[in-house]
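For clarity, every value in this text was computed on a predicted model and none was experimentally measured. The analysis underlying the following values was restricted to heavy atoms, covering all of them including side chains, and did not include hydrogens, waters or symmetry mates.
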There are 2 protein chains.
Amino acid sequence: MGASGRRIPEATVARLPDYLRLLTESLDAGVVNLSSEELADLAGVNAAKVRKDLSYLGTYGVRGVGYDVEYLIYQFRRELGLDHDWPVVIVGAGNLGQALAGYGGFRERGYPVAGIVDVDPAKVGTKIGEIEVRPVTELAAIVRRCHVSIGVVATPAPAAQLAADRLVAAGISSILNFAAVLLTVPSTVSVRKVDLAVELQILSYYEQRRAAAALATPRAQLAHGG
Amino acid sequence: MGASGRRIPEATVARLPDYLRLLTESLDAGVVNLSSEELADLAGVNAAKVRKDLSYLGTYGVRGVGYDVEYLIYQFRRELGLDHDWPVVIVGAGNLGQALAGYGGFRERGYPVAGIVDVDPAKVGTKIGEIEVRPVTELAAIVRRCHVSIGVVATPAPAAQLAADRLVAAGISSILNFAAVLLTVPSTVSVRKVDLAVELQILSYYEQRRAAAALATPRAQLAHGG
DNA sequence: GATTGTGAAAGCGTTCACAGCC
DNA sequence: GGCTGTGAACGCTTTCACAATC
């Protein structure tokens with residue numbers, strides 16, 4: 001049996017990258033072994049959750065001792081498919097697309113930018129670090145040449161569906177979508193959405209609530225104090 | 001009773017901004033009324049979920065008819081605290097910070113950038129659109145002057161905690177964190193984290209799974225086909 | 001003695017299904 | 001007749017608690 005044997009719950013999958021990062025930082029700091037409680041503290045979660053999460057990958061811990069950091073990192077990287085790079089292609093060379101292309105963190109974490117394309121002829125040819133913006137017509141060629149399977153949609157909202165269609169036609173099977181629209185793609189394609197305005201709205205909702213609560217019971221603090 | 005009366009589940013809160021956007025787009029397109037099923041289709045979710053989500057805000061629908069789009073937008077905006085702008089301050093004027101500051105979408109959606117600060121003297125004074133990068137020492141002054149309650153951490157990971165500490169000291173009560181670290185803040189401060197590398201790792205996990213599954217059962221397709 | 005791995009319990013979130021209302 | 005609002009059922013996630021193991 002291999003990595004493909006088990007089915008890992010979505011909620012756990014979403015936490016694996018965080019564990020991996022914490023483990024890597026620990027290893028760099030010279031930590032050889034970690035207990036579930038120590039890892040839980042680093043991740044800001046409950047120790048039982050850490051143990052259950054790790055148990056989906058396999059039984060890599062030692063009772064009474066904990067987990068070998070280096071070995072766990074190896075298993076995490078294998079499970080997450082990080083034994084090789086995953087080149088990405090970015091569609092849209094506006095503010096965000098440029099920032100993403102220029103952001104070294106992607107390459108560093110195993111996601112080199114294979115290319116960035118735009119429909120706007122004025123943008124084609126400009127350089128972002130070492131990467132040159134190419135016309136969108138070259139998308140399929142880039143995908144084929146660099147074996148890209150992840151595409152990033154960084155276009156304005158009205159252009160996002162077309163960008164996604166082009167990515168799918170080019171043979172991509174995962175999309176990270178920064179545009180504020182629901183993308184329609186074949187069921188074989190995974191999509192994750194990051195909407196910055198949505199994040200701010202969630203924050204301001206809770207701000208608003210606190211403000212409303214403070215107004216509604218202005219003397220509650222005093223009551224509790226006495 | 002007002003908006004502050006009910007307690008809305010987190011999962012619902014996270015969907016409200018999406019509904020609001022879809023409703024606004026519908027209104028712009030001339031749609032006056034929507035049923036829960038129509039809104040569900042737009043949002044890519046189940047109609048029962050839409051009805052339950054909306055029911056937490058109040059009983060704004062009409063049985064046999066649906067929801068009045070304009071009235072629902074009004075209620076959403078009130079509930080989300082969008083009856084006024086929420087100025088934000090950005091800490092870190094690197095790639096991402098600059099992109100965020102230059103991204104018009106924030107202002108447009110009610111989150112004008114009140115300021116962007118950086119510790120690097122070389123960056124101070126540079127202009128991003130109409131906004132000038134200021135030294136981090138001016139953070140508290142900006143927060144006070146513009147009544148900012150939301151801060152954005154767009155620094156490299158090692159500087160993120162210090163940035164958060166400064167934001168908290170300056171009086172901020174919500175933080176949107178783009179750095180790949182867990183921020184420690186007082187319990188009165190809300191934090192939301194956006195980690196782009198994590199999103200890519202989640203996508204590549206599922207990519208990896210598909211690839212492994214395809215290898216494990218290379219003839220499964222044929223078997224199903226026959 | 002310490003810590004894992006995991007059944008069982010508790011808590012949330014989603015979906016169903018239908019009474020209630022227009 | 002059509003659609004909402006919601007109790008009840010279901011399923012997923014988290015947490016507890018402890019036997020198994022080093």
Side-chain angles (χ1 to χ4, degrees), chain A residues 1 5-19 22-23 26 31-73 75-76 79 182 198 202 205-206, chain B residues 1 5-19 22-23 26 31-73 75-76 79 182 198 202 205-206:
Chain A
M1 66 193 127
R6 315 161 206 87
R7 254 216 69 199
I8 303 181
E10 268 193 55
T12 296
V13 170
R15 281 186 295 268
L16 297 185
D18 282 315
Y19 294 142
L22 295 166
L23 288 167
S26 296
V31 177
V32 169
N33 189 278
L34 278 175
S35 68
S36 60
E37 189 156 357
E38 289 167 325
L39 184 50
D41 285 350
L42 292 174
V45 302
N46 179 297
K49 187 185 277 184
V50 168
R51 290 200 297 279
K52 187 132 279 187
D53 282 344
L54 298 196
S55 76
Y56 292 118
L57 307 193
T59 61
Y60 300 136
V62 180
R63 288 162 200 243
V65 178
Y67 302 87
D68 181 272
V69 175
E70 194 164 5
Y71 184 58
L72 207 49
I73 288 173
Q75 292 297 347
F76 263 90
E79 191 73 36
L182 180 70
V198 165
I202 294 170
Y205 167 77
Y206 288 112
Chain B
M1 64 192 126
R6 315 163 205 85
R7 252 217 70 202
I8 303 182
E10 268 193 55
T12 296
V13 171
R15 281 187 295 269
L16 297 185
D18 281 315
Y19 293 141
L22 295 167
L23 288 167
S26 294
V31 177
V32 170
N33 189 277
L34 278 175
S35 68
S36 60
E37 189 156 358
E38 288 167 325
L39 183 50
D41 285 350
L42 292 173
V45 301
N46 179 297
K49 187 185 278 183
V50 168
R51 290 200 297 278
K52 187 135 279 186
D53 283 344
L54 298 196
S55 78
Y56 292 118
L57 307 194
T59 60
Y60 300 137
V62 180
R63 290 165 199 240
V65 178
Y67 302 88
D68 181 273
V69 175
E70 193 163 6
Y71 183 59
L72 207 48
I73 289 173
Q75 293 297 347
F76 265 89
E79 191 74 33
L182 181 70
V198 165
I202 294 170
Y205 168 76
Y206 289 111

Query - Short side-chain to backbone donor-acceptor contact, A:Gln75 and A:Leu72, under 3.5 Å - result: no
Query raised in the report: Counting N and O atoms only, with roles assigned by atom type, does the side chain of B:Thr12 sit under 3.5 Å from a partner on the main chain of B:Ile8, one being a donor and the other an acceptor?
Result: no
d([atom1], [X]; [atom2], [N]) in whole Å:
| X | N | atom1 | atom2 | result |
| --- | --- | --- | --- | --- |
| A:Leu72 | C:dT4 | CG | P | 11 Å |
| B:Leu57 | D:dG5 | CG | C1' | 13 Å |
| A:Lys49 | D:dC16 | NZ | P | 11 Å |
| B:Leu34 | D:dG2 | CG | P | 18 Å |
| A:Leu54 | C:dT3 | CG | P | 15 Å |
| B:Asn33 | D:dG2 | CG | P | 15 Å |
| A:Leu39 | C:dG5 | CG | P | 12 Å |
| B:Asp68 | D:dC3 | CG | C1' | 15 Å |

Requested in this report: Locate the shortest heavy-atom distance separating B:Val69 from B:Asn33; write the atom from each residue and the value.
Outcome: CG2-N, 3.8 Å
Query raised in the report: Mapping A:Gly64 and A:Tyr56 onto DNA chain D by nearest heavy atom, which one lands closer to the 5' end?
Result: A:Tyr56
Query raised in the report: Between A:Lys52 and A:Val62, who's closer to the 5' end of DNA chain C by nearest nucleotide?
Result: A:Val62
Report summary line: The answer to which of B:Arg51 and A:Thr59 contacts DNA chain C further toward the 5' end, by nearest nucleotide, is A:Thr59
Query - Worked check of side chain to side chain contact (heavy atoms under 4.5 Å, CB included) between B:Ser26 and B:Leu42 - result: CA-CA 10 Å; B:Ser26 294; B:Leu42 292 173; 3.6 Å; yes
Requested in this report: Would you classify A:Ala48 as touching base, sugar-phosphate or nothing, given that sugar-phosphate means primed atoms plus P, OP1 and OP2, and contacts are heavy atoms under 4.0 Å?
Outcome: base
Report task. Remember a base hit wins even if backbone is also touched, and classify A:Tyr60 as base, sugar-phosphate or nothing at under 4.0 Å, heavy atoms. Result -> sugar-phosphate
Query raised in the report: Hey, is the side chain of B:Ser36 poking within less than 4.0 Å of OP1 or OP2 on D:dT4, counting only N and O atoms?
Result: yes
Requested in this report: Record whether the side chain of A:Arg63 comes under 3.5 Å of the base of C:dT4 through a donor-acceptor pair of N or O atoms.
Outcome: yes
Report summary line: One should read off an interatomic distance between A:Tyr56 OH and A:Leu16 CG, to the nearest 0.5 angstrom, of 11.0 Å
Query raised in the report: From the list D:dC3, C:dG13, D:dT15, which nucleotide is the closest neighbour of the side chain of B:Ser35?
Result: D:dC3
Query - Side chain of B:Tyr67 - closest among C:dG5, D:dG5, C:dT14 - result: D:dG5
